[in-house]
Asker: 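Quick one: the structure is below, questions incoming.
As the structure is a computational prediction, the values presented were derived from the model and not from experiment.
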Amino acid sequence: MIHDGEYLVQSEVINSAAHHSVHHLKFHGNYGQFLTLWDRIGGTYREPDAALFAKETKMSQETFKKQAKEADACAVEVEGQDDRVYLNDEEQKKQQ
């Protein structure tokens with residue numbers, strides 16, 4: 001249920017599906033399985049955005065685009081700029 005996108009609990013103590021979504025979006029923080037205690041002690045606690053709990057906007061295209069943009073920015077920060085070049089089918093045939 002932690003991956004289902006149903007954010008039923010808005011708690012500072014219970015590590016909910018919303019906390020786990022922040023874990024995936026930000027790539028660091030919210031490592032706890034059930035409680036936020038160890039994340040708070042270790043300084044890795046990340047508060048879920050209140051927008052995750054708003055039923056009318058949480059599954060909107062605008063929310064999805066915002067989350068995707070944030071995740072992409074975090075990936076660049078962690079992994080560096082992706083400078084790989086991908087060839088289309090025609091270009092691949094030329095190189096063979």
Asker: For S11, give me all partners under side chain to side chain donor-acceptor pair (under 3.5 Å), at least two apart in sequence or on another chain.
Answerer: none
Asker: Using 0.5 Å steps for rounding, measure from the CD atom of E12 to the OG1 atom of T36.
Answerer: 7.5 Å
Asker: For A68, give me all partners under side-chain contact (heavy atoms from CB on, under 4.5 Å), at least two apart in sequence or on another chain.
Answerer: none
Asker: Could you tell me the separation between the CD atom of E47 and the CG atom of D39, rounded to the nearest 0.5 Å?
Answerer: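 That separation rounds to 12.0 Å.
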Asker: Can you name the residues that form a side-chain contact (heavy atoms from CB on, under 4.5 Å) with Y86, not counting sequence neighbours?
Answerer: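 Once residues adjacent in sequence are excluded, the partners of Y86 under the side-chain contact (heavy atoms from CB on, under 4.5 Å) criterion are D82, R84.
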Asker: Where is the tightest heavy-atom contact between V22 and R46, given as atom of each residue plus distance?
Answerer: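 Nearest pair, atom of V22 first, then R46: CG1-CB, 3.6 Å.
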Asker: Side-chain donor-acceptor pair under 3.5 Å between S21 and H24, yes or no?
Answerer: no
Asker: Partners of D83 by side chain to side chain donor-acceptor pair (under 3.5 Å), sequence neighbours excluded?
Answerer: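 D83: no side chain to side chain donor-acceptor pair (under 3.5 Å) contacts found.
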Asker: Which residues pass the side-chain contact (heavy atoms from CB on, under 4.5 Å) test with N88, not counting sequence neighbours?
Answerer: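 Partners of N88 under the side-chain contact (heavy atoms from CB on, under 4.5 Å) test: E90, E91.
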Asker: Write out all pairs satisfying salt bridge (Lys or Arg N to Asp or Glu O under 4.0 Å) with one or both partners inside residues 59-71, taking only residues at least two apart or from two chains.
Answerer: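 Residue pairs passing salt bridge (Lys or Arg N to Asp or Glu O under 4.0 Å), neighbours aside: K26-E70, D49-K66, K66-E70.
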Asker: Test of understanding: with side chain to side chain donor-acceptor pair (under 3.5 Å), list the residues that count as partners of Q10, not counting sequence neighbours.
Answerer: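 If we apply the side chain to side chain donor-acceptor pair (under 3.5 Å) test to Q10, skipping adjacent residues, there are no hits.
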Asker: Using the side chain to side chain donor-acceptor pair (under 3.5 Å) criterion, which residues pair with N30? Sequence neighbours excluded.
Answerer: none
Asker: Under the 4.5 Å side-chain heavy-atom rule for ILVMFWY, direct or indirect, which residues accompany W38?
Answerer: L37, I41
Asker: Please round to the nearest 0.5 Å and tell me the distance separating atom NE2 of H19 and atom CD of Q33.
Answerer: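 It is 14.5 Å, given to the nearest 0.5 Å.
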Asker: Quick one: list whatever passes ring pair (Phe, Tyr, Trp, His ring centres under 6.0 Å) with Y31, sequence neighbours left out.
Answerer: H23
Asker: Which ILVMFWY residues can you reach from F64 by hopping between side chains whose heavy atoms are under 4.5 Å apart?
Answerer: none
Asker: Identify, with sequence neighbours excluded, every residue that meets side-chain contact (heavy atoms from CB on, under 4.5 Å) alongside V76.
Answerer: Q81
